[in-house]
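Notes follow the structure.
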Amino acid sequence: MRHRRRRFGIAISVAAGIVLAGCAPMGSGDGYTTLRLSLNQAENHPSFIALDNWATYMEEHSDQVRIEVFPNETLGAQAEALQLVSTGIADMAIVSGTQLENLHEDFLVFNMPRVFDDVDHQMQVIHDPAITGDLFTSLEESNNITVLGGFTQGARSVYSTTGPVETPADLDGEKIRVQESKLNVAMARALGGAGAPMSFGELYTGLQSGVVDAAENNEVSYYTQGHYEVAPYWSYTNHLVGLDYLIINTERLHSLSPQEREIFEEGWAATHVEHAELWEELTQEAIAGAEAGGASFHEVDSESFDSALEALAEVFISTDSQRELFEAARAAAESE
Ligand code: GCU
């Protein structure tokens, strides 16, 4: 796969919305099947860079299939993107595990604090069919959605508009924006604050206007979304290693010829490998960029967060199949 790396600071195109408005129906027009992929990240985020390289790969290797990536929530926030893929209005999307947790309880397992030790462990688990079993096809009948694999969200930590955090007591009374999931609301409580679910694209304004006092994410999104400008205190709670999934409309996937599907899947395999490689490098660039913009990064008393975070598994991992997945993921860490 060609590495056409884009760097932070490259001007972001604002044309995608206009392009969408004038779009022909999927797969029509120029003789190609064009798969439209919804992403909520900006064009300097590793997910866009890797996916855009996949689009280039398809141009170079496939006679029939093209991929068009729509960044910046152009096709909607993740909850909408999920519906669009389910109904076939869009073909693919990158969605956080929290969105899939709302459709099938087994996805919750990989959204737990402490299930993954680090990015390598996470990628090993989710790209091992012996561990994921039926999980990635579990939404096919109910939602017409197939999961193809994932991208890491890296380790997530808390950042605040009010000051650094050392222990959960420092978040007492703070409204922490979380993703739209019950587990995430409970996690905000475990971190010491109150969870306020909100879509990703609303967060900058939410922090700026004081609707929320804090949020939690990885350094890359903190930087590429400009959140450091309005919430300059980053505290390394490292409460979980987050996971994004690539989803595709099931009928669309099955409509590809065996030969095209092979090219498509080879391209995707190279794409998630490239994403994992880019992750560390762009995390360092994000930290440097946010610091240059006035953000400060702080260590926390991590032990003071451990017991409340670990207790979440007792409440949320409740079925046999959830327990099996959790244990298989942990066993992979222990055999590393
Ligand atoms: C990360 C993740 C996104 C998610 C976002 C969020 O940036 O990659 O998929 O939407 O966190 O907190 O909403």
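We number each residue from 1, following the sequence as shown. These values consider heavy atoms only, across backbone and side chains, with no hydrogens, waters or symmetry-generated copies. Order of listing sets the numbers, starting from 1, for every ligand and every atom in it.
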Can you tell me the protein heavy atom closest to atom 7 (O) of ligand 1 and the distance? Ser221 OG, 2.7 Å

Less than 6.0 angstrom separating the ring centers of Trp268 and Phe151, yes or no? yes

Can you confirm whether Glu310 is buried at CD, in the sense that more than 12 heavy atoms of other residues, nucleotides or ligands lie under 6.0 Å from that atom? yes

For Arg156 and ligand 1, does the shortest N/O to N/O distance drop below 3.5 Å? yes

Among Glu73, His45, Gln153, Glu216, which residue places a heavy atom closest to atom 2 (C) of ligand 1? Gln153

One residue to check: Val95. Relative to ligand 1, which of side chain, backbone, both or neither has a non-hydrogen atom less than 4.0 Å away? neither

Close N or O approach (Arg177, ligand 1; < 3.5 Å): yes

To the nearest 0.1 Å, how far is atom 10 (O) of ligand 1 from its closest protein heavy atom, and which atom is that? Asn40 ND2, 2.9 Å

Considering only protein heavy atoms, which is closest to atom 1 (C) of ligand 1, and at what distance to one decimal place? Asn217 OD1, 3.3 Å

Is ligand 1 under 4.0 Å from a heavy atom in the side chain of Leu203, in the backbone, in both, or in neither? neither

Would you mind checking if Asp91 and Arg252 are paired as a salt bridge, meaning a charged N to carboxylate O distance below 4.0 Å? yes

Is Phe200 linked to Leu243 within one hydrophobic cluster, defined over Ile, Leu, Val, Met, Phe, Trp and Tyr using a side-chain heavy-atom separation of less than 4.5 Å? no

So, for Trp234 and Tyr228, is the gap between ring centers shorter than 6.0 Å? no

Could you tell me whether Arg177 and Asp213 make a salt bridge, using a distance below 4.0 angstrom between a side-chain N and a carboxylate O? no

Going by the order shown, which atoms of ligand 1 are within less than 4.0 Å of some heavy atom of Asp244? 2 (C), 3 (C), 8 (O), 9 (O)

Partner residues of His227 under the ring-ring contact (aromatic ring centres under 6.0 Å, His included) criterion, sequence neighbours left out: Tyr159

